[in-house]
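Just so it is clear, the values below take in all heavy atoms, side chains as well, and ignore hydrogens, waters and symmetry mates.
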There are 2 protein chains.
Amino acid sequence: MRPEPRLDIIGAALADPTRARILCKLMDGRAFTNKELSCAANITPPTATAHLKQLERAGLTTSIRSGRHVFHRIASAQVASALEKLSTLTPSDHVRRAAKPDSGVLLARCCYNHLAGRLGVWITYNLLDTGVLQLAHGALAPGPRYHAFLTDLDLDPPRVSAHRPVAKFCLDWTERRNHISGSLGIAILEKALKDKWLTRQRSSRALTITPEGKIALTRHFGLSDSALDCLGSSVRSMAKR
Amino acid sequence: MRPEPRLDIIGAALADPTRARILCKLMDGRAFTNKELSCAANITPPTATAHLKQLERAGLTTSIRSGRHVFHRIASAQVASALEKLSTLTPSDHVRRAAKPDSGVLLARCCYNHLAGRLGVWITYNLLDTGVLQLAHGALAPGPRYHAFLTDLDLDPPRVSAHRPVAKFCLDWTERRNHISGSLGIAILEKALKDKWLTRQRSSRALTITPEGKIALTRHFGLSDSALDCLGSSVRSMAKR
DNA sequence: TTTTCGTTTCGGCGAATGTCGAAGCGTTCT
DNA sequence: AGAACGCTTCGACATTCGCCGAAACGAAAA
């Protein structure tokens with residue numbers, strides 16, 4: 001047949017709004033059951049089954065049985081990153097119409113396994129400003145303060161290999177600006193969740209900044225009150241448009 | 001509404017096999033008319049119009065009128081790279097069934113504006129081996145022989161800025177291995193086409209290596225006869241599976 | 001064992017969509 | 001001006017697909 005990639009197979013899997021919602025729900029990296037997903041997407045379990053089957057056949061998700069539950073999750077980090085990249089292309093009028101300013105999604109959210117949203121962008125630029133990371137030919141590399149930063153946060157130095165970058169840019173669909181993924185990005189999100197700087201919200205990828213989190217983020221990433229206000233107000237100002 | 005990216009909008013645009021074929025045809029970076037595309041996709045002009053309208057509405061393509069012709073092309077490099085990344089996810093059984101071993105697509109093809117396929121992979125590793133490029137924390141950076149290489153090939157030194165990497169990895173859907181894009185990748189393909197080392201094939205992204213090209217590629221990228229045979233035979237060996 | 005519950009299969013309904021032929025419109029060539 | 005050509009719109013047809021309710025299946029709990 002045609003010696004071309006079958007874009008339509010994956011496209012068809014993404015083509016339905018309901019499936020897109022399911023995928024977005026799964027994009028925080030956790031696994032969910034049929035019932036949870038059908039509830040989140042406002043459909044009945046039979047319909048969810050059909051959708052999940054399609055997603056799995058297209059290779060976008062995987063499922064494992066555990067007793068009478070079946071857990072579904074994104075098939076791989078590769079899939080997650082391709083989907084995130086695709087989100088970038090969403091026509092801007094749709095994003096603006098869809099994004100409720102008071103939802104936390106614009107402020108802080110997780111992107112498969114690392115931090116995104118305005119907070120993610122902020123942290124990234126702070127890491128660059130303070131020399132923890134630096135730009136080298138358009139790519140992110142450890143900077144002079146890199147090891148001090150790891151010690152400060154009590155992080156294991158991520159295994160730095162040629163094939164697994166410490167940090168790389170990941171384009172954010174709400175901000176259209178880069179934030180960091182890579183092993184450092186993953187470690188930061190893990191740390192923030194473990195120490196309860198951020199807590200997951202029930203039914204979305206949004207994250208909430210706890211009081212302790214505010215203190216810690218201020219200390220480690222220079223997230224001043226005014227910066228927080230600024231993040232908040234820029235969210236609010238978007239609502240008026 | 002939902003504060004989530006509308007993956008389904010782009011998904012719907014990709015969902016149809018015919019549209020996928022059109023996109024693949026456009027992925028070589030050139031612009032084509034309605035008629036050319038309808039012919040390539042085995043549909044009538046009216047149908048092509050409908051498809052191209054959808055692609056344009058989804059922001060994947062752009063069109064410009066020129067007299068009584070309308071040329072369509074991929075909307076941006078960003079779209080091209082997202083699509084290429086998405087191609088990576090194509091279920092492997094479909095790729096294997098679809099890829100005819102004797103078509104040149106596996107050997108050498110262009111990926112929007114740079115070189116891909118086995119030749120692209122080969123050249124990338126050769127550039128790394130010879131110190132033209134080097135790995136720095138998982139990213140590509142110019143190596144010690146970088147400027148000598150540019151002089152040797154009579155290339156203008158691409159503008160190296162922090163925001164426009166000289167070279168970056170681009171995952172190939174046939175090889176599942178990295179090859180280079182970025183300004184250097186673009187320059188190499190341009191040079192190869194201009195000096196007729198490679199010629200485009202009529203109706204696909206595949207490229208043909210000319211006799212002069214073989215000599216030049218041998219000189220500049222160490223592409224020995226045995227390496228060529230190896231590339232060819234590994235193509236052949238894939239056919240048996 | 002019986003009950004409960006999560007998941008899946010099946011059948012049917014309604015909406016959306018890919019396809020084409022015929023016809024209309026605008027540009028270019030003769 | 002007239003003919004040729006490329007693109008688009010329109011109408012009609014067949015197919016696909018999302019969705020749900022009812023019912024079946026299978027594992028856990030009572």
Item to check | Atom pair distance, as rounded to whole Å: CG in B/Asp16 and P in D/dT15 | outcome: 16 Å
Checklist entry - Any N or O donor-acceptor pair linking the side chain of B/Arg68 to the base of D/dC7 at under 3.5 Å? => result no
Checklist entry - Can you check whether B/Thr44 has a side-chain N or O nearer than 4.0 Å to OP1 or OP2 of C/dT19? => result no
Next on the checklist: Around atom NZ of B/Lys35, are there more than 12 heavy atoms from other residues, nucleotides or ligands closer than 6.0 Å?
Outcome noted: no
Checklist entry - B/Leu52 CG to D/dG6 P: how many Å, rounded? => result 16 Å
Checklist outcome for this item: When B/Ala50 and A/Ala50 are each assigned the nearest nucleotide of DNA chain D, the 5'-most assignment goes to B/Ala50
Checklist outcome for this item: Rounded to whole Å, the CD1-C1' distance (B/Ile9 to C/dA16) equals 16 Å
Checklist entry - Given D/dC7, is OP1 or OP2 found less than 4.0 Å from the side-chain N or O atoms of B/Lys53? => result no
Item to check | Separation of C/dG6 P from A/His72 NE2 (nearest whole Å) | outcome: 14 Å
Checklist entry - Is the phosphate of C/dC20, meaning OP1 or OP2, less than 4.0 Å from a side-chain N or O of B/Thr47? => result yes
Next on the checklist: Among B/Ser63, B/Cys39, B/Pro45, exactly one meets side chain to side chain contact (heavy atoms under 4.5 Å, CB included) together with B/Asn34. Which residue is that?
Outcome noted: B/Pro45
Checklist entry - A/Asn34 has an atom CG; how far is it from atom C1' of D/dC25, in whole Å? => result 14 Å
Checklist entry - Hey, does the side chain of A/Thr33 come within less than 4.0 Å of C/dT7's phosphate (OP1/OP2), counting only N and O? => result yes
Checklist entry - Counting any heavy atom closer than 4.0 Å, what does B/Arg65 reach on the DNA or RNA strands: base, sugar-phosphate only, or nothing? => result nothing
Item to check | Under 3.5 Å side-chain donor-acceptor pair for B/Glu84 and B/Ser87 | outcome: no
Checklist entry - Starting at the 5' end of DNA chain C, which residue's closest nucleotide do you reach first, A/Pro46 or B/His51? => result A/Pro46
Checklist entry - Got A/Leu23 and A/Ile74 here, is their nearest side-chain heavy-atom distance under 4.5 Å? => result yes
Checklist outcome for this item: Closest heavy-atom pair, A/Leu37 versus A/His72, reported as atoms and distance to 0.1 Å, is CD1-CB, 4.2 Å
Checklist entry - Between B/Thr49 and D/dT8, does any side-chain N or O lie under 4.0 Å from OP1 or OP2? => result yes
Checklist outcome for this item: When rounded to whole Å, the CD to C1' distance for the pair B/Gln54 and C/dA16 reads 11 Å
Next on the checklist: Without decimals, in angstroms, what is the distance between A/His69 NE2 and C/dT7 P?
Outcome noted: 7 Å
Checklist entry - B/Phe71 CZ to D/dT8 C1': how many Å, rounded? => result 17 Å
